[in-house]
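Okay, structure first, notes after.
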There are 2 protein chains.
Amino acid sequence: MSENAGRWLRDEIENAILSNELGPGTRLDETALANRFGVSRTPVREALMQLGAIGLIEIRPRRSAVVVDLPPRRVYEMFEVMAELEGMAGSLAARRLDSDSREAIATAHDRCERSAGAGDSDAYYYDNEEFHKAIYAASRSDYLAEQCAQLHQRLRPYRRLQLRVRNRLSTSFSEHCAIVDVIFAGDGEAARKLLQAHVGVQGERFSDLVASMAAR
Amino acid sequence: MSENAGRWLRDEIENAILSNELGPGTRLDETALANRFGVSRTPVREALMQLGAIGLIEIRPRRSAVVVDLPPRRVYEMFEVMAELEGMAGSLAARRLDSDSREAIATAHDRCERSAGAGDSDAYYYDNEEFHKAIYAASRSDYLAEQCAQLHQRLRPYRRLQLRVRNRLSTSFSEHCAIVDVIFAGDGEAARKLLQAHVGVQGERFSDLVASMAAR
DNA sequence: CACAATAATATTGTATACATAAGCTCGATT
DNA sequence: AATCGAGCTTATGTATACAATATTATTGTG
């Protein structure tokens, strides 16, 4: 239980939200949560305050907290910023690459190749995450890496929908190949452009996203 | 009192930290804070949980919360990301500018000119903030604008130090002039470059920053 | 005089109680 | 039939009590 009910609850509830078990708009009844997790309302409230502070839930005074429902426009804006930060991370990674980071990226890339080849969407989903984290780390900017990882996590539910799109898996992997090439070649600007395009919700990919959100 | 002690306390303590009244490393004794603000420990704890969630304080289980002390390297990384996001906002603003945003930017720019001309550092500090906010808003991306404003606020203590540097005030304003020109001309890439350079801690400006931090 | 072990103290983590505001039911009125 | 309102029910906001742990002080020993 992490020896700390508040922190543990924050993680539990956060996971429940990110895994869509507690979908957007769900009311978060403090007493119900307290019963569900076998604690009093005090640590539940502390967990909720934390989730409210990071924007995962909305805390309305005297009324229940609810899971935030991001409007499509805002999700789009978040992807836009994500693309910019990923591009930045790629650019820095290309310029600052050392042998350790190079190896970490290569390893993650190989794993992606295997799961993409096997057509294993779930495995690829995980390996893809590791691949991107390897690039964040290679940027040598801890703050940037944290911001990227945070946004990545926040957008997880929407990204998962995207992967379902036909051929997205092999398309994604071939984009990875090009990204690895330019990073290993030390070409920061190329890495920035490719990563921006990789993440970006432009053209048809954006309409796919909007369509999958509307279908929900 | 905002009719909500927890929220009110969060703002109070946040201000106390950002204004350096509660400097880095300060222990935050719950009982002491409760007495100081005339409430019980419960809302104090809720405020602390929120500030912990946004990274302003560090919450160490069973030990007091402390105001985080950002290492110079991390401050530098935050400025780096800030520069990227400001550049992005400028780029979008130039491409999406409408007459309302144009007017808001022009107004803020005029105010900066007045305070810079008067050599009023405090007034310029405020007007500068409004100028940048006008650009964020002109980007038409609410999420980006929020992220920029948040980072801007978080870096406030360090930025304030920077403004003290000799000639920074007039230098800053002449940079504003160039920025306004290219945004009004609709040149997104130029706006991105100029804003990145304006915010960025490159060359001598970076050493100024490190020096002022070390002097603390 | 320094240092380690132990006792005393202070602080945090959680539960519970109670006051207060929001929401809801049901009846009355237009 | 629909709408408004009074009273009731439920949930939230805050205070307080108590248990558990960290910190400080004290005492004894080398």
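Residue numbering restarts at 1 for every chain, and letters A, B, ... go by the order of the sequence lines. Just so it is clear, the values below take in all heavy atoms, side chains as well, and ignore hydrogens, waters and symmetry mates.
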Consider only side-chain N and O atoms of [X] and [Y], and report whether a donor and an acceptor are under 3.5 Å apart.
{"X": "A:S115", "Y": "A:D127", "answer": "yes"}
{"X": "A:S141", "Y": "B:Y76", "answer": "no"}
{"X": "A:D98", "Y": "A:S101", "answer": "yes"}

The side chain of B:R63 is closest to which nucleotide in this list: D:dA22, D:dA15, C:dG23?
D:dA22
Checking D:dA15, C:dT12, D:dG13 against the side chain of B:S64 (C-beta onward), the nearest is C:dT12
If you compare every side-chain N and O of [X] against the phosphate oxygens of [N] (OP1, OP2), does one of them come in below 4.0 Å?
{"X": "B:R45", "N": "C:dT12", "value": "no"}
{"X": "A:R62", "N": "D:dG13", "value": "no"}
{"X": "A:T42", "N": "C:dT14", "value": "no"}

Numerically ordered, the residues 47-57 of chain A set in heavy-atom contact under 4.0 Å with DNA chain D is none
Roughly how many Å is it from [atom1] in [X] to [atom2] in [N], rounded to a whole number?
{"X": "A:E46", "N": "D:dT12", "atom1": "CD", "atom2": "P", "result": "16 Å"}
{"X": "B:L33", "N": "C:dT11", "atom1": "CG", "atom2": "C1'", "result": "13 Å"}
{"X": "B:D29", "N": "D:dT24", "atom1": "CG", "atom2": "P", "result": "12 Å"}
{"X": "A:L9", "N": "C:dG13", "atom1": "CG", "atom2": "P", "result": "14 Å"}
{"X": "A:F37", "N": "C:dA15", "atom1": "CZ", "atom2": "P", "result": "14 Å"}
{"X": "A:R60", "N": "C:dA21", "atom1": "CZ", "atom2": "C1'", "result": "14 Å"}

Is A:E129 salt-bridged to A:R156, cutoff N-O under 4.0 Å?
yes
Assert: residue with more 5' nearest nucleotide on DNA chain C, out of B:I59 and A:R41, is B:I59
When you match B:R27 and B:P43 each to their closest nucleotide on DNA chain D, which lands nearer the 5' end?
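Residue closer to the 5' terminus by nearest nucleotide: B:P43.
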Quick one, A:K133 with A:E130, criterion side chain to side chain contact (heavy atoms under 4.5 Å, CB included). Give me CA distance, side-chain angles, the key distance, then yes/no.
CA-CA 5 Å; A:K133 276 191 194 150; A:E130 293 301 309; 4.2 Å; yes
Return the set of residues passing side chain to side chain contact (heavy atoms under 4.5 Å, CB included) with B:A47 (not counting sequence neighbours), or none when no residue passes.
B:L9, B:R10, B:I13
Could you tell me if the side chain of B:M82 sits less than 4.5 Å from the side chain of B:R159, heavy atoms only?
yes
